[in-house]
There are 2 protein chains.
Amino acid sequence: MNREPPKRQGHVDIRDVARAAGVSTATVSRALSGRGYASDDARRKVAAASRRLGYQPAAPGRSLRTTRSMTIGLLVPDLADPVYLPFLRGVEHAAQQHGYVVVVADARSSTTLERRQLDRLYAQRVDALVLAGSPRDRAYLRRLQRAGLMVVDPEGPNGPSDIRRTTEAHATTSLCEHLADLGHSRIAYVTRGAPRGRTAQRRSRAVIDSCRKVGIAAKPVLLGARREPDDVGDMLAGLVRSRKPVTAVVCGAHSLAPLLLRAKSAAGIHVPDECSFVTYGDSDWAAAYRPALSVVRRDLYARATAITTHLIAQLDGHDPHVTDPDAHRVEFVPRDSVARARS
Amino acid sequence: MNREPPKRQGHVDIRDVARAAGVSTATVSRALSGRGYASDDARRKVAAASRRLGYQPAAPGRSLRTTRSMTIGLLVPDLADPVYLPFLRGVEHAAQQHGYVVVVADARSSTTLERRQLDRLYAQRVDALVLAGSPRDRAYLRRLQRAGLMVVDPEGPNGPSDIRRTTEAHATTSLCEHLADLGHSRIAYVTRGAPRGRTAQRRSRAVIDSCRKVGIAAKPVLLGARREPDDVGDMLAGLVRSRKPVTAVVCGAHSLAPLLLRAKSAAGIHVPDECSFVTYGDSDWAAAYRPALSVVRRDLYARATAITTHLIAQLDGHDPHVTDPDAHRVEFVPRDSVARARS
DNA sequence: TTGTAGGCGTTATCAA
DNA sequence: TTGATAACGCCTACAA
């Protein structure tokens, strides 16, 4: 009658515990989960047997029965970009604290792969999907959402983005005022390509707007195919040494900063004497660089834990604790890479 | 008879597809999985219905039946350390390519948490557990291993570590010879604390041994509680400006480099004139730093993909393709932060 | 070539 | 307070 049992894999199951404890599987389940009645005697016997056998309830069986996988999916636009690491870490820590486990999926900057990854996460029946950045195919995502996938988009309208939006705009304003105070009137805002995600678009707009407000001309610069320090350096030199020279460079992404810095070295541009430098995103390296880099930083880790904790409260039916407002603070940190503009 | 169906969650299941396609669930399963017979007609109808309904087989159900979760666990000693990112990425990519999904668990440098995480991964019934670094509690791990958890330890005796071991030792030798050639006879090897993991221990020993071989005195320096650039700077200054001065600093971990560099700036130590600098681990920032940092680098990403691909071949019963030897190459990359020792 | 049916490990209902 | 039992969604041996 046992039709092809896919071979006993040596895992201790609830029946083994039940047998060892001299009770039924139902009692084991109740005793261990804490839900339902169980006499102290039963509890003790079950706990002992369970520990002795090293029993760990199999998640697949449990999930099947409860329709909860105790799993959170995390879709990362591109794991090659280290900015997502603090976010991943934050999600993992919050999940860990509440008994959840995190499944990471890297979209590798590909729409096709993103869709494939979304399908897989959906197939895993993750209890929720957290987006580490803007998805490439919103329509596809919405379809899965309608199919029952719970999605948390920190940048989206349902996220706590209002706070973030205002604070990043605020920090950008500080940055621009700082530059204006130091006499800068023409700057370059450098990005790899046209801004894709919401964050990037808002950031770009914030820079443009803030600059206009303080009377700075902000020139958007797209790196495009230029990936070599020499190429980029030539371009920067053109900007910095033109008749209407740019006196500061704002780097739109932390991961872009090393390239830009190498480019400056290659072109022999001195920071900050010849040109000031600011980048979005902070790190130990940015602080260790000489001159120390001025940055606009936000605490992505705190942000991720806050979002995830909130999410889990929802999943578990608890009261969502008030989100830590500090989690969304964005600030401009002036350091040595910004100086008075040459006149 | 339906005793508490945990509420229909709106997920399309195999029966929905069967009904829509006018066939049985068995046929749906066969048609979609490709295993077993199914007429072309049936295949078409099933495919159509499946696509139309957006059917994705639920992993928990499938896992329960097949005892394969199509899931790989990744235990990271500490996600705060960016060195693990390329490794994570490599595992994820290899997994992705073969239909697996990755569950990350961060041990946060805590033995207690590590155990908790291991339990969770085991409970998830991951098909295999990959270690991104040395585990803190080997005994605990072994217990789970005996309980049926498949563990891949890249540093362990069953891993492809022989190659790695020899090549990292080789690169370390190159480094030391390079230093000796430039007239260095006293160097400091800086680590946060006493080496814990196997990698760290072997590295430490390799540095000591290689130095001895080429006639360099290698002084092990443990940072301990010193975390502030000023404190560390004082210590470095003491070393560099003593009567028997150290003329080069070898940094034992990439994540330690920014602190050391800030310390040098704080102490006014000029690199490389007054003191040369080398670090283990490469990054864009190391190359962008001025002077560009000499490093010992290895391709952790390639390493991770190779290991994972091999693992999956094993899991899937394929022939393990020959491991790409380049995946384990470790090399010394001299750049500008190393110069002739002052005499 | 297809359908029927049993069971993977777990939990929740219901009867005892 | 406990135990027998029926599902959860899926896959596959077997019968048709």
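Protein chains get the first letters and strands the later ones, always in sequence-line order, with residue 1 at the start of each. Predicted, not measured: the structure shown is a model, and the values here were computed from it. These numbers come from the heavy atoms of this one structure, side chains and all, not from hydrogens, waters or symmetry mates.
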TODO: Mark yes or no: A:Arg138 above the aromatic ring of A:Tyr140, with NZ or CZ under 6.0 Å from the six-membered ring centre and no more than 45 degrees from the axis.
DONE: no
Assert: residue with more 5' nearest nucleotide on DNA chain C, out of B:Gly61 and B:Ala42, is B:Ala42
- Salt-bridge present (B:Arg89, A:Asp81; N to O < 4.0 Å): no
Taking any heavy-atom pair under 4.0 Å as a contact, classify A:Arg30: base, sugar-phosphate, or nothing. base
Tightest non-hydrogen contact, residues B:Ala95 and B:Ile312, listed as CA-CD1, 3.8 Å
### Short side-chain N/O contact from A:Arg62 to OP1 or OP2 of C:dT11, under 4.0 Å
yes
Per-helix bend value, the helix from C:dT1-D:dA16 to C:dA16-D:dT1, C1' rotation axes over five pairs per end, 10° rounding, shows 50°
From OH of A:Tyr37 across to C1' of C:dA16 the rounded distance in Å is 16 Å
The complete set of side-chain hydrogen bond (donor to acceptor under 3.5 Å, both in side chains) pairs with one or both residues in residues 43-52 of chain A, sequence neighbours excluded, reads A:Asp41-A:Arg44
message: Side-chain N or O of B:Arg15 versus OP1/OP2 of D:dG9: is the shortest distance under 4.0 Å?
response: yes
Closest to the side chain of B:Leu64, out of C:dC8, C:dT2, D:dC8, is C:dC8
Among C:dG9, D:dT2, C:dT11, the one nearest any side-chain atom of A:Ser39 is D:dT2
Rounded to whole Å, the CD1-P distance (A:Ile14 to D:dT5) equals 16 Å
Sequence neighbours excluded, the answer for salt bridge (Lys or Arg N to Asp or Glu O under 4.0 Å) partners of A:Arg115 is A:Asp137
Those residues at least two apart in sequence (or on a different chain) that pass side chain to side chain donor-acceptor pair (under 3.5 Å) with A:Arg136 are A:Thr111
When rounded to whole Å, the CZ to C1' distance for the pair B:Arg44 and C:dT1 reads 15 Å
B:Asp41 CG to C:dT1 P, in whole Å, measures 12 Å
Those residues at least two apart in sequence (or on a different chain) that pass ring-ring contact (aromatic ring centres under 6.0 Å, His included) with A:Tyr301 are A:His93
Determine: side-chain N/O of A:Arg65 to OP1/OP2 of C:dG9, distance under 4.0 Å, yes or no. no
To the nearest angstrom, the CD-P distance between B:Gln124 and C:dG9 comes to 16 Å
Considering only NZ, NE, NH1 and NH2 on the basic side and carboxylate oxygens on the acidic side, decide whether B:Asp13 and B:Arg19 come within less than 4.0 Å.
no
- prompt: Are any of B:Tyr55's side-chain N or O atoms less than 4.0 Å away from OP1 or OP2 of D:dC10?
  reply: yes
Of all heavy-atom pairs linking A:Tyr55 and A:Val12, the shortest is CD1-O, 3.5 Å
Under a 4.0 Å heavy-atom cutoff, the residues of residues 20-29 of chain A touching DNA chain D are A:Val23, A:Ser24, A:Ala26, A:Thr27
